[in-house]
There are 2 protein chains.
Amino acid sequence: MYRIGELSALYDIKADTLRFYEKHGLLSPSSRSDSGYRLYNQDDSERLKFILRAKAVGFSLNDIADLLSIEVDKSNRACADVKALVDTKLEQVEAKLAELQHFATSLKSLSNTCCGGPDSAEHCSILEALESSDKHIIAKQEHHHFSHLGHKD
Amino acid sequence: MYRIGELSALYDIKADTLRFYEKHGLLSPSSRSDSGYRLYNQDDSERLKFILRAKAVGFSLNDIADLLSIEVDKSNRACADVKALVDTKLEQVEAKLAELQHFATSLKSLSNTCCGGPDSAEHCSILEALESSDKHIIAKQEHHHFSHLGHKD
DNA sequence: ATAAACCTTGGAGTTTAATCTAAGGTCAAG
DNA sequence: CTTGACCTTAGATTAAACTCCAAGGTTTAT
């Protein structure tokens with residue numbers, strides 16, 4: 001069992017943030033001490049980890065509440081409803097994944113192209129890298145027989 | 001050349017948002033009409049696309065300004081500085097990618113497990129799926145020896 | 001030439017997600 | 001048995017990212 005200060009320290013957030021999440025229905029401590037202190041158990045901690053992960057990849061607290069509601073009213077929802085909700089979120093996640101992979105490719109290409117030395121960065125630009133990675137994809141489609149050289153997804 | 005209303009319509013955002021981005025140094029129109037109307041060109045439009053993509057994957061406008069600054073002061077920065085900045089952002093992107101892949105796996109497993117029918121969703125939970133996908137990974141790693149059980153990160 | 005639909009600015013208001021403040025209760029250590 | 005670090009509540013304040021409003025100028029179609 002963690003008190004609010006212990007759990008918040010564990011995830012490097014403020015105790016206030018945990019109270020805020022509780023007020024907004026995202027995470028309630030599973031019990032209270034005799035004196036009213038919040039007591040969080042391991043499941044509560046897992047749930048918090050989920051919330052923080054989802055937040056880190058760009059979901060709003062409302063989005064996260066939607067996802068968590070799948071658990072909360074488990075037996076009150078038809079499986080079809082749950083599936084629809086999950087599939088919608090899955091589409092969002094996969095769209096984000098595609099964007100991020102695009103970003104990662106561009107950043108890598110930028111990092112590799114860049115001399116890394118003390119010269120001016122005349123040709124270093126994210127936008128150029130994004131453009132050239134677009135072009136690279138097109139080029140790859142037209143020259144697929146070179147695919148064994150630096151194959152990327 | 002696009003006027004503010006045209007560009008905002010193109011990306012389904014408010015004209016106010018474009019003025020806000022301008023005020024905060026993220027995107028300025030490359031020119032103005034005689035009467036002072038903002039005129040955005042194709043490069044401006046690309047830059048906006050980048051901003052919206054980065055936002056969608058969870059970067060703050062400050063983060064995005066950092067990334068764009070790589071372009072803005074191109075020849076004023078040493079290549080080494082650019083490389084350091086890019087590599088920092090790349091680490092962030094790859095951390096987000098890992099989180100998202102974790103999510104996508106869990107959501108897929110949830111979607112597959114779920115009957116999708118009119119029955120109650122007794123066993124449908126994101127948290128369970130996240131847990132079980134964790135366990136799955138561990139199970140795979142320890143598949144040949146059952147000597148240690150309950151190993152967790 | 002005048003309405004409708006655009007645009008300008010400055011400034012105020014909203015939403016989301018915290019974060020802080022005040023006034024007090026709890027608990028372990030000296 | 002008091003000091004200091006913790007906790008409680010309600011409510012105020014902050015920061016980021018918009019979003020709206022008022023008062024007026026511009027463009028285009030009838």
Side-chain angles (χ1 to χ4, degrees), chain A residues 1-41 44-45 47-69 89 92 96 99, chain B residues 1-41 44-45 47-69 89 92 96 99:
Chain A
M1 291 301 222
Y2 311 99
R3 276 178 307 169
I4 197 165
E6 291 166 341
L7 188 64
S8 62
L10 202 57
Y11 289 97
D12 198 28
I13 58 174
K14 297 273 159 67
D16 280 329
T17 303
L18 288 174
R19 294 194 196 95
F20 176 82
Y21 288 169
E22 183 174 348
K23 197 160 67 185
H24 290 77
L26 280 108
L27 174 64
S28 297
S30 51
S31 59
R32 294 274 184 144
S33 74
D34 288 348
S35 53
Y37 286 15
R38 287 168 179 81
L39 295 173
Y40 298 90
N41 67 15
D44 298 334
S45 173
R47 194 178 166 96
L48 178 57
K49 195 200 281 179
F50 174 83
I51 292 167
L52 297 177
R53 277 175 161 179
K55 227 171 60 65
V57 294
F59 283 109
S60 72
L61 298 190
N62 269 5
D63 286 336
I64 298 168
D66 281 357
L67 282 166
L68 287 169
S69 76
K89 291 293 171 189
Q92 289 173 24
K96 276 177 206 262
E99 296 284 9
Chain B
M1 291 300 222
Y2 309 97
R3 275 180 308 171
I4 197 166
E6 292 166 339
L7 188 64
S8 63
L10 202 57
Y11 288 97
D12 199 26
I13 59 175
K14 298 273 161 67
D16 279 327
T17 303
L18 287 174
R19 292 194 197 95
F20 177 82
Y21 288 168
E22 184 173 347
K23 196 160 69 187
H24 290 76
L26 280 108
L27 174 65
S28 297
S30 50
S31 59
R32 293 275 184 143
S33 74
D34 288 348
S35 55
Y37 285 16
R38 288 167 178 81
L39 295 174
Y40 298 89
N41 66 15
D44 298 334
S45 173
R47 194 177 166 98
L48 177 57
K49 195 199 281 178
F50 174 83
I51 293 167
L52 297 177
R53 277 176 162 178
K55 227 171 62 65
V57 295
F59 283 109
S60 71
L61 297 191
N62 271 5
D63 287 334
I64 298 168
D66 282 357
L67 281 167
L68 287 169
S69 76
K89 290 295 169 186
Q92 289 174 23
K96 275 177 205 260
E99 296 286 6

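These figures come from a predicted structure and were not determined experimentally. In what follows, every chain begins at residue 1, and chains take the letters A, B, ... in the order their sequences are listed.
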task: Nearest whole angstrom, please: distance from the P of D:dC18 to the CD1 of B:Ile4.
output: 14 Å
Partners passing ring pair (Phe, Tyr, Trp, His ring centres under 6.0 Å) against B:Tyr37 (at least two apart in sequence or in another chain): none
- line: Residue set satisfying side-chain contact (heavy atoms from CB on, under 4.5 Å) with B:Ala15, at least two apart, ordered chain then number -> B:Ile4, B:Ser8, B:Arg19
- request: Output all residues satisfying side-chain contact (heavy atoms from CB on, under 4.5 Å) with B:Ala65, sequence neighbours left out; order by chain, then residue number.
  value: none
- line: Value for CD1 (A:Ile13) from CG (A:Leu18), rounded to nearest 0.5 Å, stands at 4.0 Å
message: What's the separation between atom CZ in A:Arg32 and atom CZ in A:Arg38, rounded to the nearest 0.5 Å?
response: 4.0 Å
query: side chain to side chain donor-acceptor pair (under 3.5 Å) with B:Ser60: which residues, sequence neighbours excluded?
result: B:Asp63
query: Which residues satisfy the side chain to side chain donor-acceptor pair (under 3.5 Å) test with B:Asn62, sequence neighbours excluded?
result: none
task: Considering only heavy atoms of chain A and a distance under 4.0 Å, specify the first and last nucleotide of DNA chain C in 5' to 3' order that meet this criterion.
output: C:dA17 to C:dC27
message: Restricting to side chain to side chain donor-acceptor pair (under 3.5 Å), what partner residues turn up for B:Ser31, sequence neighbours left out?
response: none
query: Considering the options A:Tyr11, A:Tyr40, A:Tyr2, which one meets the side-chain hydrogen bond (donor to acceptor under 3.5 Å, both in side chains) requirement together with A:Ser45?
result: A:Tyr11
For B:Lys96, salt bridge (charged side-chain N to carboxylate O under 4.0 Å, His left out) partners two or more places apart: none
statement: Ordered by number, residues from residues 57-64 of chain B within less than 4.0 Å of DNA chain D (heavy atoms) are B:Ser60, B:Leu61
Contact list (N/O, under 3.5 angstrom) for nucleotides 23-26 of chain D vs protein:
unit_1: D:dG25; atom_1: N2; unit_2: B:Tyr37; atom_2: OH; d: 2.6
unit_1: D:dT26; atom_1: O4'; unit_2: B:Tyr37; atom_2: OH; d: 3.2
unit_1: D:dT26; atom_1: O3'; unit_2: B:Ser35; atom_2: OG; d: 3.3

task: Please identify each residue that fulfils side chain to side chain donor-acceptor pair (under 3.5 Å) with A:Tyr21, with sequence neighbours left out.
output: none
- request: Would you mind reading off the distance between B:Leu48 atom CG and D:dA17 atom P, rounded to a whole angstrom?
  value: 15 Å
message: Among residues 6-21 of chain B, which ones have heavy-atom contacts with DNA chain C below 4.0 Å?
response: B:Arg19
query: Going by heavy atoms in the side chains, are B:Leu48 and B:Leu10 under 4.5 Å from each other?
result: no
- prompt: Want to settle it: does B:Arg3 or B:Lys23 sit nearer the 5' end of DNA chain C, counting the closest nucleotide to each?
  reply: B:Arg3
Donor-acceptor contact below 3.5 Å, side chain B:Arg47 vs main chain B:Leu26: yes
